[in-house]
Asker: 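The structure that follows is given in the form of C-alpha cells.
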Amino acid sequence: MSATASELAAALRAGTVTSAELCEQALAAAEGASDLGIFITLDPAGARAAAAQADAEIAAGQDRGPLHGIPIALKDNLCTEGLRTTCASRLLRDWIAPYDATVVQRLRDAGAVAIGKTNMDEFAMGSSNENSAFGPVRNPRDPSRVPGGSSGGSAAAVAAGIVPLALGSDTGGSVRQPAALCGVVGLKPSWGRVSRYGLVAFGSSLDQVGPIANDVAGAAALLQAIAGPDPLDSTCSGEPAGDYSAGLGGDAPLRVGLPREYVDELSTEARAALDAGLAALGDIEVVDVSLPHTSFAIATYYVLASAEASTNLSRFDGVRYGARIEPGGEGLDGMYTATRSDGFGAEVQRRILLGTFALSSGYYDAYYGKAQTAREAIRGDFVAAFADVDVLVGLTAPTTAFPLGSKTADPVQMYLSDIFTIPASLAGLPAISVPVGTDGDGLPWGLHLIGPELAEARVLSAAARVERGLA
Ligand code: GLN
C-alpha cells in the first residue's frame, strides 16, 4: 500500500476500507515480497485478531487515534509476548519473550495492527542487513542492493509498500541510514525520549527506538504513540511527550546550520542532493558552522558501543538466555564457548572481542576512557552550534544504497556508512532522515536534520517542509 497512515486512518473512519482488508493486503504483500527477506516472522493470526478488534471498535464509534486499525511492522529486537524475538541471531532463533516491550504495548493500546517482526543485522550490529542469521534483506528499490541497516527489514517493509509504518531501533544510525537508502522517513528520538523496556540492549547509552514511515506525518503519529515517561525504564526521560503533529504545517523562518565537516567531502552528486534539500526547506538562513570533533566520532562510537555490547551480550550464555550447545565432557566453560561460538555471527563476535579488550584492565583508560572524553567533546560541539542555529542539516549517508557484498570484506568501509549519523547518536540528539531525490540510478538520498535535545517536534516540522518543498 502506498497510502500514508493518515490517508488510511481517514478511509477507515469513512468506512471505505476495513482494518481487516488492510491487514490482508499487508500480509499478502509481505508474502509476495518474500524474496526480499524483509520479515523473520509473520503473525497472521495475531494481526487478524487485532484488525477484527479494531474494526469492531471503529464500528462502535470508539476511536483510539491515528494508528487505530493501521498495519505496522516491528523490528525483531522488540519483545513481543507469545511471538518469537530473534534479534536475527541463531542464538535466539526460538526465543519467545514473556512480555511485550513498552513500545509494543503502547502500539497495541493505540489500536495498531502488528503484522510481524522484521529482519535486521544481528543484535542491530551492521549497516547493510547482511549480518543476519536469516539471510540478507534486499532493497525494494533495487534488489541487487542493500537496504541499509540495522533496521533494514523495517525500512524495506515501508519502502515496499507492505505497511505505512514500522518501528526500528537506532544506536548509531540504524533507523536513519536504512530509511535514507530505502527512500522513506526515519526518526531517531533523543536518548531517553522513548522507553527501551523490552528492546534487546546493544549499546545502552545510545540505543533508541524510532519510527519509520512513508511520510513525515506518519512518523510524527508513531512517535506520539510511543514517546513519554515509562516507570519500567529508569533511563526514560520524565518529560512528557510533546505534540509532534501540531507544528508539521509550520513555515516560520529557520536558521539552518551547515556543518562544514559534513559537506567537505561530499561527491558532486551528493552535494546536489543536499542543495535540493536546502532549497526545499523554504524560508531559511544558512549558517556555516563547525563541529570540530567530528573526525573522532566513528572511532569513539566503535569503542563505546562495542564496550557496552560486550557487557550487554554477556547474558547470552546458554543458561539464562540463548540456545545451549553442550559439547560434552568440557564442563561449564565448554558449554559457554560452544553456545556463543555457534550462536553469534562473525560481526557480533568481533564487537564482543573489541569491546572486551577496550574494557580490560590496562587498556581501559587508553580506549574506553579516551572515548568518553571524545564523546564529551563531540557533545560540546553540538551545544555550541545550537546556540546559533535551529537545526543542523547534512546528508544521512555519504552514498546511496550499495550492492550486496560490496562492503562485507572490509568492516571499516562498512563502519564509514554511519559517518553522518553517529555524531548525533553520541550526543543523544533527535535526528531525522527524509527523502531528498534520487541519484542517476534512481536510488534515494536522505536529508539528515538534527535538533537540540528533546526537539523532536522541530526536526519533524523541518522534515515536513522538505517533504512539501519537493512535492
Ligand atoms: N551501523 C552501526 C553499527 O553497526 C549502527 C547500528 C545501529 O544503530 N544499531 O553499530
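For ligands, and for the atoms within them, numbers begin at 1 and follow the listed sequence.
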Asker: Is Phe202 close to ligand 1, meaning an N/O of one under 3.5 Å from an N/O of the other?
Answerer: no
Asker: Locate the shortest heavy-atom distance separating Ser341 from Gln349; write the atom from each residue and the value.
Answerer: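 Smallest heavy-atom distance, with atoms named: O-NE2, 3.2 Å.
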Asker: Between Asp317 (side chain only) and Arg320 (backbone N and O only), is there a donor and an acceptor less than 3.5 Å apart?
Answerer: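 Looks like yes, one N/O pair under 3.5 Å.
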Asker: May I ask which of Met414, Arg351, Gln208, Gln177 has a heavy atom nearer to atom 4 (O) of ligand 1 than the others do?
Answerer: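 Considering heavy atoms of Met414, Arg351, Gln208, Gln177, the nearest to atom 4 (O) of ligand 1 sits in Arg351.
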Asker: Got an N/O contact under 3.5 Å between Thr171 and ligand 1?
Answerer: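 So ligand 1 has an N or O lying under 3.5 Å from an N or O of Thr171.
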Asker: Closest approach of Val209 and Ser195, non-hydrogen atoms and distance?
Answerer: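 Closest approach of Val209 to Ser195: CG2-O, 4.0 Å.
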Asker: In Å and rounded to the nearest 0.5 Å, what is the CZ to OG1 distance from Arg141 to Thr438?
Answerer: 8.5 Å
Asker: Any side-chain heavy atom of Ile40 within less than 4.5 Å of one from Arg84?
Answerer: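 With C-beta onward as the side chain, the pair touches.
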Asker: Is Gly126 near ligand 1, meaning one of its heavy atoms is under 4.0 Å from it?
Answerer: yes
Asker: When you look for heavy atoms under 4.0 Å from ligand 1, do you find them on the side chain of Tyr415, its backbone, both, or neither?
Answerer: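 Neither part.
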Asker: Do any nitrogen or oxygen atoms of Gly149 come within less than 3.5 Å of a nitrogen or oxygen of ligand 1?
Answerer: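 There is no such contact.
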Asker: Against heavy atoms of Tyr301, which atoms of ligand 1 measure under 4.0 Å?
Answerer: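 Selected atoms, number and element: 2 (C), 3 (C), 5 (C), 6 (C), 10 (O).
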Asker: Name the orientation class of the two ring planes belonging to Tyr302 and Tyr415 (parallel below 30°, tilted from 30 to 60°, perpendicular beyond 60°).
Answerer: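 Correct class here is parallel.
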Asker: Could you check atom 2 (C) of ligand 1 against the protein and tell me its nearest heavy-atom contact, residue, atom and distance included?
Answerer: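 Result: Asp418 OD2, 3.1 Å.
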Asker: Can you pull out the closest protein heavy atom to atom 3 (C) of ligand 1? Residue, atom name and distance to 0.1 Å, please.
Answerer: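 For atom 3 (C) of ligand 1, the nearest protein heavy atom comes out as Tyr302 OH, 3.3 Å.
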Asker: Is it the case that Lys75 and Ser151 place a side-chain donor and acceptor less than 3.5 Å from each other?
Answerer: yes
Asker: What I want to know is whether Gly172 and ligand 1 share at least one N or O pair that is separated by under 3.5 angstrom.
Answerer: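 Gly172 vs ligand 1: N/O contact under 3.5 Å present.
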Asker: May I ask you to list the atoms of ligand 1 that are less than 4.0 angstrom from any heavy atom of Ala124?
Answerer: 6 (C), 7 (C), 9 (N)
Asker: Relative to ligand 1, is Ser150 under 4.0 angstrom through side chain, backbone, both or neither, heavy atoms considered?
Answerer: side chain
Asker: Charged N to carboxylate O below 4.0 Å: is that the case for Asp35 and Arg138?
Answerer: no
Asker: Specify the protein heavy atom at minimum distance from atom 6 (C) of ligand 1: its residue, its atom name, and the distance to 0.1 Å.
Answerer: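 Sorting protein heavy atoms by distance from atom 6 (C) of ligand 1 puts Ser174 OG, 2.8 Å first.
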Asker: Aromatic rings Tyr321 and Trp95: how do their planes relate, parallel, tilted or perpendicular, breaks at 30° and 60°?
Answerer: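 Perpendicular, since the angle between the ring planes exceeds 60°.
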